[in-house]
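Computed over heavy atoms, backbone and side chain alike; hydrogens, waters and symmetry mates excluded. Just so you know, ligand 1 is whichever comes first in the structure, and atom 1 is the first atom listed for that ligand. Everything numeric in this text was worked out from a predicted model, so none of it was measured.
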Amino acid sequence: MSKETFFITTPIYYPSDKLHIGHTYCTVATDAIARYKRLRGYDVMFLTGTDEHGQKIEEKAKEAGVTPQAFVDRIVEGPGGILDLWKLMNISNDRFIRTTYDYHVAAIQRIFRKMYDNGDIYKGAYKGKYCTPCESFWTESQLVNGCCPDCGRPVHDAEEEAYFFRLSKYAKPVQDLLESGTFLEPASRVNEMINNFIKPGLEDLCVSRTSFTWGVPVDFDPGHVVYVWVDALFNYATALGYMNDKYHDFDRFWPPVNIVGKEIVRFHSIIWPAMLMSVGEPVPKKVYGHGWLVIDGGKMSKSKGNVVDPYLLAEKFGVDALRFFLLRTFPFGSDGNFSNELLISTINSDLANAFGNLVSRTTAMVEKYFGGTLPAEREADAQDDELLNLVKETPARYAKQMDAFQLHLGLEEVFRLIGRANKYIDETTPWILAKDEEKRPRLAAVMANLLEAIRVSLILLTPFIPDTCARAFDQIGATEAERTWESLSAVRGHEITVRKGETLFPRIDTEKMLAELEAMHKPATPPAKPVLPDVTIDEFAKCDMRVVKILTCEAVKKSEKLLKFTLDDGSGTERQILSGIHKFYEPEQLVGKKVVAILNLPPRKMMGLESNGMLLSAVKEDEKGNEVLHLMIVGDDVPVGAQLC
Ligand code: MSP
């Protein structure tokens, strides 16, 4: 019988810059799932790749003075590039797609034409806000304070010819799909999609651009290039040979499980199934929207200068330690706060102490007491039952979590077993048994039980830390056949020869390592701006700036930038202020904080909502000239309503 297939993908990453730990997190998680499925006997196709077209890449290449193709080639295939990163991180992808590959470009043209021919793509006029200096269209919701979000200058209404996809036609089937159960997970994201995007009404989607050229040309209408998301989403299909002859395994593997970050769940759970319905292909089996790695509760971004480099961490801590940390620490569906301290403490407590110690103590004892080879004659005892039961039960419990992509909970099960095995050493006191020649069969049983707990743990840890597990299997003398899922329930009654090897995870000196990491991250300080011309004290005093407390904060629907705040300003009535700072803060970071606002600016409308004042921030350019914003958060001891003077 042929094996059941399993097709899993990561998002295809933008090669606009080097990838950071967030991208690495997603790829490592997907890799662990792919490896787990292979362990379970599935015929797995694991796809990752790069999303190489679009205006941003075109601009970056221009800045760098090279062609867009040369620019992306260097980031994807050059030294220290994306392919190198995945090799370093031991990513087991079966295929890698670049959207600039000829076969993909040709397939996208055919897909676009197919949707045009079936009436789902039509020509219309794209109306929007146009920024002339930036040559860019923006939607109302993208504007910041009514101006261009890139350069801050005024925009004007403009119109341009464009192709549209009839997304509105698919609102109902997409909503049904979202509500049908397990298409989109975690379940919490389903309501978010329905309430924020489907209920307010799905509009047709503009799927071509004429304002830049770095993209897939619409072959029947020169001057238009295909909107990057159409080009990007269909990578999952073209990489299997859909609408092209490069590969021929679409029928074998379709549909996919798409693992994506939460910010692109909308594209994957609304636009993507609608387009698949349009071309008559099955929708994904599942879209899983994982959480973000954040730093100090906020987004990681080049402009904030807090981007964490996976190369550096892998070099300092080892690839498996880094892979393990990412998947053990953060629940896959939620955001996680990255810190070097947490990384070091996880490695020390789980990998060096609990896991590494168990392996090294056990193999050292088998060497010391039995010269390395455990005899087959063993004497069981009721004392063993608890450990042996856990050895037996853990795989099924682990599988349940892994099948639901709850990777951290899968690891939790393994570490329960490892912890129990360490306790078993203390309970059985092998060093005392070793003193009595008559207790040798009992001592052999204790050692065999420990080796069994280790062997089972290693099988289950293989998707997470494959290289370390291979070394540890060698140390405990496990044959190839004893490393498989099928062998989990087998008992090793035969003689076992161990080979004590190198320490798997040396303990890290926290202080020393933190100091080393710190020294590598000295940020460059950009020059200060000149001081502005004088104002009089009276002019200054006209600004009514007060300390206010944030009562609620939420993202404004359909806006990428705006946050809506209700504030206690000390007057007894709540005040509403809108602020375009979502790029820098998530709402949950801000609720309860005291900040400074100017209250006597005239009210102004943004996205149909009124803003009565402005939150004050400190803004400075980083070394790349990007503005970094810090909200003026004041100490809790400053009373609400206190006036700045
Ligand atoms: N090119 C699009 C995706 C197209 S898929 C058809 C894109 N690329 S991206 O380079 O911005 O990468 C996005 C993905 O990287 C996210 O969806 C997420 O999986 C991962 N991450 C990027 N930053 C992240 C964090 N800070 N934390 C966790 N994952 C993050 O969007």
Side-chain angles (χ1 to χ4, degrees), residues 8-33 47-57 60 72 75-76 81-82 85-86 89 91 96-100 104 108 111 189 214-216 226-239 242 256-273 275-276 284 287-304 306-310 313 322 325-327 329-339 405 407 560 583-584 586:
I8 189 161
T9 67
T10 70
I12 48 172
Y13 302 102
Y14 292 128
S16 49
D17 237 314
K18 281 183 89 168
L19 299 190
H20 59 59
I21 196 72
H23 308 106
T24 308
Y25 172 57
C26 177
T27 305
V28 165
T30 311
D31 183 61
I33 300 170
L47 171 71
T48 185
T50 41
D51 184 1
E52 308 193 351
H53 292 125
Q55 194 166 8
K56 184 159 177 206
I57 304 257
K60 283 243 168 189
V72 292
I75 294 191
V76 178
I82 294 175
L85 178 61
W86 298 153
M89 293 309 298
I91 302 303
F96 190 93
I97 183 167
R98 301 182 57 185
T99 53
T100 49
H104 173 80
I108 291 300
I111 291 165
R189 306 215 187 273
W214 181 238
V216 176
V226 176
Y227 173 51
V228 278
W229 274 98
V230 179
D231 171 9
L233 287 164
F234 273 101
N235 90 84
Y236 304 128
T238 63
Y242 182 65
V257 169
N258 295 134
I259 306 288
V260 301
K262 63 176 185 179
E263 82 294 355
I264 56 173
V265 161
R266 175 163 76 96
F267 295 96
H268 283 81
S269 66
I270 297 177
I271 297 172
W272 177 220
M275 288 190 171
L276 284 169
V287 170
Y288 193 96
H290 70 78
W292 272 41
L293 290 191
V294 295
I295 305 276
D296 300 327
K299 277 186 190 170
M300 207 182 298
S301 74
K302 260 248 141 49
S303 60
K304 281 195 192 173
N306 63 358
V307 173
V308 178
D309 177 4
L313 295 182
L322 180 57
F325 163 71
L326 292 172
L327 305 180
T329 317
F330 310 114
F332 193 43
S334 337
D335 286 355
N337 211 341
F338 177 92
S339 77
F405 304 151
L407 307 181
E560 286 174 11
K583 189 168 148 204
F584 301 97
E586 289 300 327

Starting from the N and O atoms of ligand 1, collect every protein N/O partner closer than 3.5 Å and put each pair on its own line with the distance to 0.1 Å.
| from | atom 1 | to | atom 2 | distance (Å) |
| --- | --- | --- | --- | --- |
| ligand 1 | 1 (N) | Ile12 | O | 2.8 |
| ligand 1 | 1 (N) | Asp51 | OD2 | 2.6 |
| ligand 1 | 10 (O) | Tyr14 | N | 3.0 |
| ligand 1 | 17 (O) | Gly261 | N | 2.9 |
| ligand 1 | 17 (O) | Glu263 | OE2 | 2.9 |
| ligand 1 | 19 (O) | Gly261 | N | 3.2 |
| ligand 1 | 19 (O) | His290 | NE2 | 2.8 |
| ligand 1 | 26 (N) | Leu293 | O | 3.1 |
| ligand 1 | 27 (N) | Leu293 | N | 2.8 |
| ligand 1 | 29 (N) | Gly22 | O | 3.1 |

>> Check the orientation of Tyr25 and Phe332. Use parallel for under 30°, tilted for 30 to 60°, and perpendicular for over 60°.
In response: perpendicular
For residues 288-298, dump all side-chain donor-acceptor pairs below 3.5 Å to protein atoms at least two apart in sequence or in another chain.
| from | atom 1 | to | atom 2 | distance (Å) |
| --- | --- | --- | --- | --- |
| Tyr288 | OH | Gln406 | NE2 | 3.3 |
| Trp292 | NE1 | Glu263 | OE1 | 2.8 |

> How many angstroms lie between atom CG of Asp17 and atom NZ of Lys60, to the nearest 0.5 angstrom?
Replying inline: 4.0 Å
> Excluding sequence neighbours, so at least two apart, what forms ring pair (Phe, Tyr, Trp, His ring centres under 6.0 Å) with Tyr14?
Replying inline: none
> What residues, two or more places apart in sequence or in another chain, satisfy ring pair (Phe, Tyr, Trp, His ring centres under 6.0 Å) together with Phe330?
Replying inline: Phe325
>> Below 30° counts as parallel, above 60° as perpendicular, anything between as tilted: where do the rings of Trp272 and Phe234 land?
In response: perpendicular
